[in-house]
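Here the structure is laid out as structure tokens; the discussion comes afterwards.
One-based numbering along the sequence shown.
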Amino acid sequence: MSKTRNIGLALSGGGSRAAAFHCGVLLAANELGLESKLKTVSTVSGGSLLGAAWMASIAKGITTTEFVPIMKGKLEKGFILKTIFRKNALNLIKPNYNRTNLLSDTFDDEFFNGLKLDQLPEEPKLCINVTVLNTGQVGRFTRDGFSSSYFGNLTENYSYPIIKVPEINLAMATTASAAFPIGLPPIKLKKDKYFPQVDFIDILENHRKIYISDGGIVENLGVQTLLKSNRYGANDIILSDAGTKENAWYRYPIFSATVSFATFCLSPNILTRLLTLMNNKQNRSMRRISVLETEISRLVDMFRKVTLKNVQNIKSQIGYNSTAGRKRIILVQINQKWSELIEKIPLWRFKKLSINPDSQCEGIEKQLLLKGIDLSREKKIYDDMGGDETVEILNSIKTGFTYLTRSEVNNLIQQASWQMHALHKIFW
């Protein structure tokens with residue numbers, strides 16, 4: 001990889017499960033020499049807890065290899081019981097203190113010790129993604145402050161300004177990103193206190209209170225920031241996806257009714273807003289996909305007609321003026337099985353390596369070996385952790401911030417690690 005290129009790391013949501021999985025990505029990035037090339041770490045929810053704790057440890061002079069064992073110990077103990085039995089839990093009776101504040105206090109004790117946003121390392125820059133419920137847009141906390149759509153007027157590079165928010169420490173920003181509003185109330189920020197010098201514009205113009213919540217409501221991977229942001233975009237991306245495979249839904253009448261009633265009791269005022277945001281998000285996504293599919297079909301048609309005479313004309317019609325070159329990505333997933341990863345190598349990569357894509361897994365492995373890509377170490381890690389059966393078990397681990405067993409933590413780390421090493425060999 002060229003030294004002029006930089007890497008963005010996206011850490012998805014998924015509670016403690018995600019935090020453990022991302023630990024494997026951090027260790028592998030360190031082993032592969034990619035950590036020093038990281039420019040931005042973009043995080044959501046459980047990924048925000050891991051990313052913020054990691055950056056806080058770096059600020060204290062703790063290395064990644066020293067940090068991961070510490071994090072493992074924390075994940076094995078969990079955070080929910082510690083939060084419930086906190087000495088200051090009685091503060092919940094106060095009007096401006098809620099369950100999210102209580103969890104923030106726990107995270108602060110465990111990882112941050114009052115660390116402020118501006119005390120984070122300059123690089124890689126941590127970007128904690130939240131959802132602004134007022135607008136349904138992504139908001140971002142960094143060491144420089146907070147930014148989001150309609151908070152101030154657009155700057156010259158078509159970005160919204162970064163606003164200093166010294167009253168919000170790292171623990172609160174992290175918890176806001178992880179506070180899924182069914183169970184954990186959104187954080188309320190009064191304009192007069194937190195944004196007194198900022199002009200709210202457009203749809204936000206008449207708002208006097210801002211509600212921020214889990215970043216996963218609008219984007220649970222954290223990758224949007226790396227792909228679209230003018231400030232935090234990256235040439236290459238490592239995407240650590242701790243989401244599990246979708247399974248069919250079964251309705252258990254008594255259990256479902258109990259959960260539904262408890263959900264309503266905890267967050268009666270937020271459910272309608274969530275449904276609206278998710279519907280809007282889906283509509284925005286489908287609009288973009290519609291435009292993208294149209295553009296792809298146009299490009300495919302153009303390249304069908306390419307000749308030496310019209311190649312320059314076609315190049316000018318593409319209209320993509322970036323000088324950064326092709327983006328590269330490593331996509332690491334909890335539900336990834338060995339055979340699926342090998343057999344789903346994209347056709348363009350098979351062609352570039354002169355490998356027969358119609359082969360089965362073992363045949364592809366042999367062809368890769370002949371091309372100098374030896375995956376025997378990664379395959380051994382996969383087999384030693386239990387192979388496909390263990391992947392199914394990891395896929396069943398629930399989100400949330402309850403404790404994980406030592407076996408679960410270790411297997412989640414190994415599941416991320418072998419993929420990082422294998423994909424790096426295949427693509428980078």
For residues 50-68, run the donor-acceptor check on the side chains, cut-off 3.5 Å, and write out each pair with its distance to 0.1 Å, sequence neighbours left out.
| residue | atom | partner | partner atom | Å |
| --- | --- | --- | --- | --- |
| Trp54 | NE1 | Thr64 | OG1 | 2.9 |
| Ser57 | OG | Trp54 | O | 2.6 |
| Lys60 | NZ | Phe111 | O | 3.0 |
| Lys60 | NZ | Asn113 | OD1 | 3.4 |
| Thr63 | OG1 | Thr65 | OG1 | 3.2 |
| Thr63 | OG1 | Glu66 | N | 3.3 |
| Thr63 | OG1 | Glu66 | OE1 | 3.2 |
| Thr64 | OG1 | Glu35 | OE1 | 3.1 |
| Thr64 | OG1 | Glu35 | OE2 | 2.8 |
| Glu66 | OE1 | Thr63 | N | 3.0 |

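Between Lys82 and Asp109 there is no salt bridge, since no side-chain N of the basic residue sits under 4.0 Å from a carboxylate O of the acidic one. A salt bridge does not link Arg17 with Glu408: none of the charged nitrogens is closer than 4.0 Å to a carboxylate oxygen. In this structure, Lys37 does not pair ionically with Asp236, as no charged nitrogen and carboxylate oxygen lie closer than 4.0 Å.
Separating the CD1 atom in Ile393 from the CE atom in Met385 is a distance of 9.5 Å, to the nearest 0.5 Å. The distance from the CD1 atom of Ile163 to the OH atom of Tyr194 is 14.0 Å, given to the nearest 0.5 Å. Remark: Ile373 CD1 to Ile364 CD1 distance equals 12.0 Å, nearest 0.5 Å. Here NZ of Lys337 is found 12.0 Å from CD of Glu343. Values are rounded to the nearest 0.5 Å. Interatomic distance, CD of Glu76 versus CE of Met71, reported as 11.5 Å (0.5 Å rounding). Annotation: the span from Gln333 atom CD to Leu239 atom CG amounts to 8.0 Å, rounded to 0.5 Å.
Under a cut-off of 6.0 angstrom, the local environment of CZ in Arg349 is crowded, with over 12 non-hydrogen atoms contributed by other residues, nucleotides or ligands.
Taking the six-membered ring where the residue is Trp, the centroids of Tyr150 and Phe200 are separated by 6.0 Å or more. Centroid-to-centroid, the aromatic rings of Phe107 and Phe112 stay 6.0 Å apart or farther.
Scanning all heavy atoms of the two residues, the minimum distance from Asn6 to Asn235 falls at N-OD1, 3.0 Å. For the residue pair Ser149 and Leu204, the shortest heavy atom distance occurs at O-CD2, 4.4 Å. Across all their heavy atoms, Ser12 and His22 have their closest contact at O-NE2, 2.9 Å.
Test Thr43, Asn129, Asp214 against Ser48 for side chain to side chain donor-acceptor pair (under 3.5 Å) and you get one pass: Thr43. Among Ile162, Leu117, Val130, the single residue meeting the side-chain contact (heavy atoms from CB on, under 4.5 Å) criterion with Phe146 is Val130.
Put simply, the side chain of Asn98 gets close to the backbone of Asn101: a donor and an acceptor are under 3.5 Å apart.
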Report task. Quick one: do Leu11 and Val44 satisfy side chain to side chain contact (heavy atoms under 4.5 Å, CB included)? Show the steps, please. Result -> CA-CA 6 Å; Leu11 302 177; Val44 178; over 6 Å; no
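Between Trp338 and Tyr382, the two ring planes are tilted [angle within 30° to 60°].
Asn153 and Tyr160 share no side-chain donor-acceptor pair at under 3.5 Å.
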